[in-house]
Amino acid sequence: MNFSPGPATLPLPALERAREELLDFAGTGASVMELSHRGKEYEAVHEEAIALVRDLLPVPSTFEVLFMQGGATMQFALVPMSFLLPAGSADFVVTGAWSEKAHAEAAAWAKAVGGHVRVAASTEAQGYRRAARPDEVDLDPSAAYVHFTSNETIHGVQVLDPRTRFGECPQVVDMSSDFMWRRMDITPFSLIFAGAQKNIGPSGVTIVLVRKDFLERSRKDLPKILQYRAVAEARSLLNTPSTFAIYLVRNVLLWVKGLGGLEAVEKRNRAKAEALYAAVDADAGFYRCPVEKESRSVMNAVFRLPSEALEKAFVDEAKKQGMIGLKGHRIVGGIRVSMYNAVEPEWVTALVAFMKDFAKKSG
Ligand code: PMP
């Protein structure tokens, strides 16, 4: 029972299929990772993975679907490099560790080219315990874009509900830890990026959804490998992609489709999160979730116990019962339960039973 924040658990059927096909993919006598990325066998996998992202989310034809490398962290650099021009400005909504990082990377680029970055809102003074509300954000209407993090993986804060917008300028969203766990309308956003290693695959591939009209605005004088436009024109085959990671994304998304698509997956995910937070609230004298109720993350639930010693005992005892990945991030401590798509509801049921026992025994 793996509750890891990422790289995270993968659906068993996706792994089993990889095992079956490992030594002989599509009758080639080789594994998919040993085949040319220009060959028809790999290209079919590549196109199927893109088609599944398009079909499941869904992604309309006004957007490009890109597979890139360098993780979400690379996107922290590439977005400003592409869209933050000298004398231009970009706004950041800072709601936790990941939006802080994105802001810092953009600030470095702004300094290099003579542009600006602004913190349009920050919930740091409140300890990153909630989303920023659109009405408390001080936006620059002429900003090149506004960047926000849809789910703060470390602080357990859900920022994006599907209606969230920060003003009228292009919305850039880091969706790394809540990508493709629900069906949603992405058309209000201009660029979305997410590492695959939480909800839809292993590390090594980053999915970028970019609106074609926004793409047109990106700088044309960067090295090609850093240009979204060039990656799009090459259908994410500008250079050798992470073929095996993309293959696994294909397997995971086929599993999602088999479950009934993202509507069914959302129901499953919401039920898991409700059960988990109900267990936290049921023993409120023992467990304490620092995040305000309306901002509690569906993917990453964080909570504290009365002492760090008890938190350590919780993690150690859970491990003995087969539950791993529960230690909170080192900068915040506590417990973090990540409940991405592939976390089985029964695991959450087992964890909830463990939490009840643990509180009774130790409280
Ligand atoms: N943004 C968010 C919201 C994340 O959760 C993470 C990874 N935990 C990152 C960015 C960084 O991702 P990567 O390691 O793929 O660069």
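These numbers come from a predicted model, not from an experiment. Atoms within a ligand are numbered from 1 in the order they appear, just like the ligands themselves.
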Visitor: Enumerate the atoms of ligand 1 whose separation from the nearest heavy atom of S176 is less than 4.0 angstrom.
Guide: 1 (N), 2 (C), 3 (C), 4 (C), 10 (C)
Visitor: Centre-to-centre under 6.0 Å for H147 and F92, is that the case here?
Guide: yes
Visitor: Are any of the side-chain nitrogens in E266 or R270 under 4.0 Å away from the carboxylate oxygens of its partner?
Guide: yes
Visitor: Residues in ring pair (Phe, Tyr, Trp, His ring centres under 6.0 Å) with Y340, at least two apart?
Guide: none
Visitor: Determine whether the side chains of T153 and S177 contain a donor N or O and an acceptor N or O closer than 3.5 Å.
Guide: yes
Visitor: Which protein heavy atom lies closest to atom 3 (C) of ligand 1, and at what distance to 0.1 Å?
Guide: T153 OG1, 3.3 Å
Visitor: Considering only protein heavy atoms, which is closest to atom 16 (O) of ligand 1, and at what distance to one decimal place?
Guide: T73 OG1, 2.5 Å
Visitor: How long is the straight-line distance from CG of L248 back to OG of S242, given to the nearest 0.5 Å?
Guide: 11.0 Å
Visitor: What I want to check is whether the side chains of Y247 and E21 have a donor and an acceptor closer together than 3.5 Å.
Guide: yes
Visitor: For atom 1 (N) of ligand 1, grab the closest protein heavy atom and report residue, atom and distance to one decimal in Å.
Guide: D174 OD2, 2.6 Å
Visitor: Tell me if a side-chain donor or acceptor on W109 pairs with a main-chain N or O of A77 at a distance below 3.5 Å.
Guide: no
Visitor: Of the protein's non-hydrogen atoms, which lies at the shortest distance from atom 11 (C) of ligand 1, and what is that distance?
Guide: W98 CZ3, 3.5 Å
Visitor: Atoms of ligand 1 less than 4.0 Å from A72 heavy atoms?
Guide: 9 (C), 10 (C), 11 (C), 12 (O), 13 (P), 15 (O), 16 (O)
Visitor: Would you mind running through ligand 1 and noting each atom that sits below 4.0 Å from a heavy atom of F76?
Guide: 1 (N), 10 (C)
Visitor: Between ligand 1 and S177, is the shortest N or O to N or O distance under 3.5 Å?
Guide: no
Visitor: Under 3.5 Å, side-chain donor or acceptor atoms of residues 1-15 against the rest of the protein: list the pairs with distances, not counting sequence neighbours.
Guide:
unit_1	atom_1	unit_2	atom_2	d
N2	OD1	S4	N	2.9
S4	OG	G6	N	3.3
S4	OG	P7	O	2.9

Visitor: Check ligand 1 against G71 and write out every atom of the ligand that is under 4.0 Å from a heavy-atom position of the residue.
Guide: 15 (O), 16 (O)
Visitor: I'd like to know whether ligand 1 has N151 as a neighbour, heavy-atom separation below 4.0 Å.
Guide: yes
Visitor: Are any of the heavy atoms in G195 under 4.0 Å away from ligand 1?
Guide: no
Visitor: Is it the case that the side chains of N199 and D178 hold a donor-acceptor pair, with the cut-off being a distance below 3.5 Å and no angle test?
Guide: no
Visitor: Check if K198 has a non-hydrogen atom at a distance under 4.0 Å from any atom of ligand 1.
Guide: yes
Visitor: At the 4.0 Å heavy-atom cut-off, does Q197 count as touching ligand 1?
Guide: yes
